[in-house]
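This report concerns only the one structure given below.
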2 protein chains.
Amino acid sequence: MLTIGAVAAQTGLTEHTLRYYEKIGLLDPVPRGPGGQRRYREQDLRWLEFLLRLRATGMPLRDMLAYAEQRRVGNTAESLALRRKLLAAHADKVAEEIAVLQSTLQLLQGKIDIYRGWEASLPLSYQLDKE
Amino acid sequence: MLTIGAVAAQTGLTEHTLRYYEKIGLLDPVPRGPGGQRRYREQDLRWLEFLLRLRATGMPLRDMLAYAEQRRVGNTAESLALRRKLLAAHADKVAEEIAVLQSTLQLLQGKIDIYRGWEASLPLSYQLDKE
DNA sequence: ATAAAAGTTGGAGTGCACTCCAACGCAAGC
DNA sequence: GCTTGCGTTGGAGTGCACTCCAACTTTTAT
C-alpha cells in the first residue's frame with residue numbers, strides 16, 4: 001500500500017499528475033486510508049506503468065482514457081475486441097514512427113559527418129554553400 | 001519561386017504556420033514579390049523540409065531556432081562545431097526514442113495476442129483478472 | 001506534545017505549438 | 001475592370017498535458 005509520494009518517486013510522475021490522472025478517469029478512484037489519503041495497490045502501479053508506456057510512445061490522454069473506460073466496462077466480447085483494436089491502432093502508429101525516426105537518424109548521421117569534414121579541412125572553402 | 005499557398009500544399013504546413021515560423025526566426029525573411037507577397041526559393045523549401053524532419057523526430061522549436069541562429073552566424077569553426085553538437089545531441093535522443101518505441105511495440109504485440117486469445121476462447125473464464 | 005513533512009481539494013495558471021481573426025491589399029481569370 | 005480568391009499584418013485564442021496555488025488536514029519523527 002503505497003502513498004502518493006512513494007508512487008510519484010517510483011514512476012517519475014509528480015503527485016499533481018497522479019491526482020490529475022485520477023481526476024480525469026485514467027486511474028480508477030484509488031482507495032483511501034483513514035484521513036482520506038490515497039493508498040495505491042500493486043495493481044494501480046502496474047496499470048500506471050502501462051499507461052506510462054503508452055504515453056512514452058505518444059498516445060494522447062484522450063486515447064488512454066478510451067482504453068481505461070473499456071477496461072471498466074468489463075470483459076465482454078465487444079469490449080475486448082475494442083481494446084485490442086485500440087492497441088493495434090497504436091501499435092501501427094508506433095511502427096510507423098519508428099520508421100520515421102530511423103530514416104531521420106540516418107539523415108542526421110550523414111549531416112553530422114559532413115560537419116566533421118568541414119571542421120577537419122578548414123571551413124574557408126565552404127563560405128558559399130551554407131547548408 | 002513559390003507562393004505561400006504552394007509551399008503549404010507541398011509541405012503540409014498551413015500558411016499560418018509558415019508565417020509563424022518566419023516570425024519567430026526559424027526561416028530567414030522570405031523574399032517578397034511586388035505587393036509584399038512571399039516568394040519562396042528552392043533553398044527555403046529545402047531548409048523547411050529539413051526542419052520538418054527535425055520536428056517529426058520531436059525537436060522543439062526552441063532547439064531548431066538555436067540551430068537556425070547558428071546557420072545565420074556563418075561557417076566559423078565554432079559555429080560548425082556547435083551545429084554539429086546540436087545535431088549529435090538530437091541524434092542521440094532519436095536513437096534513444098527508437099529503443100523506447102521498439103520495446104513498447106513488443107509489449108503491445110504481446111498484449112494484442114493475449115486479447116486475441118481471450119476473444120477466441122470465450123472470455124467467461126477470465127472475469128477475475130481484468131488486465 | 002509538537003513541529004515538520006506529506007497529503008487533501010477546487011480551481012487557476014503555464015508552456016508549447018500552433019490556429020484563427022479582423023480588416024485589409026494584390027493578383028489572375030473572365 | 002471587376003470579381004474571386006490568395007495574401008498581408010498584429011494580436012488574440014485554442015488544445016494538450018500538465019503544474020501550481022491557497023488553505024487546510026493528517027501523518028510521522030523527535
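Only this structure's heavy atoms are used, side chains among them; waters, hydrogens and symmetry mates stay out. The shown structure was predicted, so the numbers you read here are calculated from the model rather than taken from an experiment. Sequence lines set the chain letters: A, B, ... in the order given, protein chains first and strands last, and positions in each chain run from 1.
Under the rule for a side chain to side chain contact (heavy atoms under 4.5 Å, CB included), the partners of B/A81 that lie at least two apart in sequence or sit in another chain are A/E119, B/R84. Scanning for salt bridge (Lys or Arg N to Asp or Glu O under 4.0 Å) contacts around A/D113 gives A/R116, with sequence neighbours left out. Checked against side-chain hydrogen bond (donor to acceptor under 3.5 Å, both in side chains), A/T14 has the following partners two or more places apart in sequence or in another chain: A/T17. Applying the side chain to side chain contact (heavy atoms under 4.5 Å, CB included) rule to A/Q70 yields the partners A/V73, A/S79, A/L82, A/R83; only residues at least two apart in sequence or on another chain are considered. Partners of B/R41 according to the side chain to side chain contact (heavy atoms under 4.5 Å, CB included) rule, which considers only residues two or more places apart in sequence or in another chain, are B/M1, B/P31, B/Q43, B/D44. Shown here are the side chain to side chain contact (heavy atoms under 4.5 Å, CB included) partners of B/Q10, two or more places apart in sequence or in another chain: B/L2, B/L45.
At the phosphate of C/dT8, OP1 or OP2 sits under 4.0 Å from a side-chain N or O atom of A/R38.
Pairs passing the salt bridge (charged side-chain N to carboxylate O under 4.0 Å, His left out) check and including a residue from residues 97-107 of chain B, sequence neighbours excluded, do not occur. Applying the salt bridge (charged side-chain N to carboxylate O under 4.0 Å, His left out) test to residues at least two apart or on different chains, the pairs with a partner in residues 17-34 of chain B are B/E15-B/R19, B/E22-B/R32, B/E22-B/R38, B/D28-B/R72.
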Between protein and nucleic acid, restricted to nucleotides 26-30 of chain C and to nitrogen or oxygen atoms under 3.5 Å apart, what atom pairs and distances do you find?
unit_1: C/dA27; atom_1: OP1; unit_2: B/P34; atom_2: O; d: 2.5

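Note that CG of B/L80 is 12.0 Å distant from CD1 of A/I114, once rounded to the nearest 0.5 Å.
Near DNA chain D, meaning a heavy atom under 4.0 Å away, the residues from residues 12-30 of chain B are B/E15, B/R19, B/K23.
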For residues 51-62 of chain B, dump all side-chain donor-acceptor pairs below 3.5 Å to protein atoms at least two apart in sequence or in another chain.
unit_1: B/R53; atom_1: NE; unit_2: A/T104; atom_2: OG1; d: 3.4
unit_1: B/R53; atom_1: NH2; unit_2: A/S103; atom_2: OG; d: 2.6
unit_1: B/R53; atom_1: NH2; unit_2: A/T104; atom_2: OG1; d: 3.2
unit_1: B/T57; atom_1: OG1; unit_2: B/R53; atom_2: O; d: 2.8
unit_1: B/T57; atom_1: OG1; unit_2: B/L54; atom_2: O; d: 2.8
unit_1: B/T57; atom_1: OG1; unit_2: B/H90; atom_2: NE2; d: 2.8

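The nucleotide range of DNA chain D contacted by chain A, defined by atoms under 4.0 angstrom from heavy atoms of the protein and reported 5' to 3', is D/dC16 to D/dT27.
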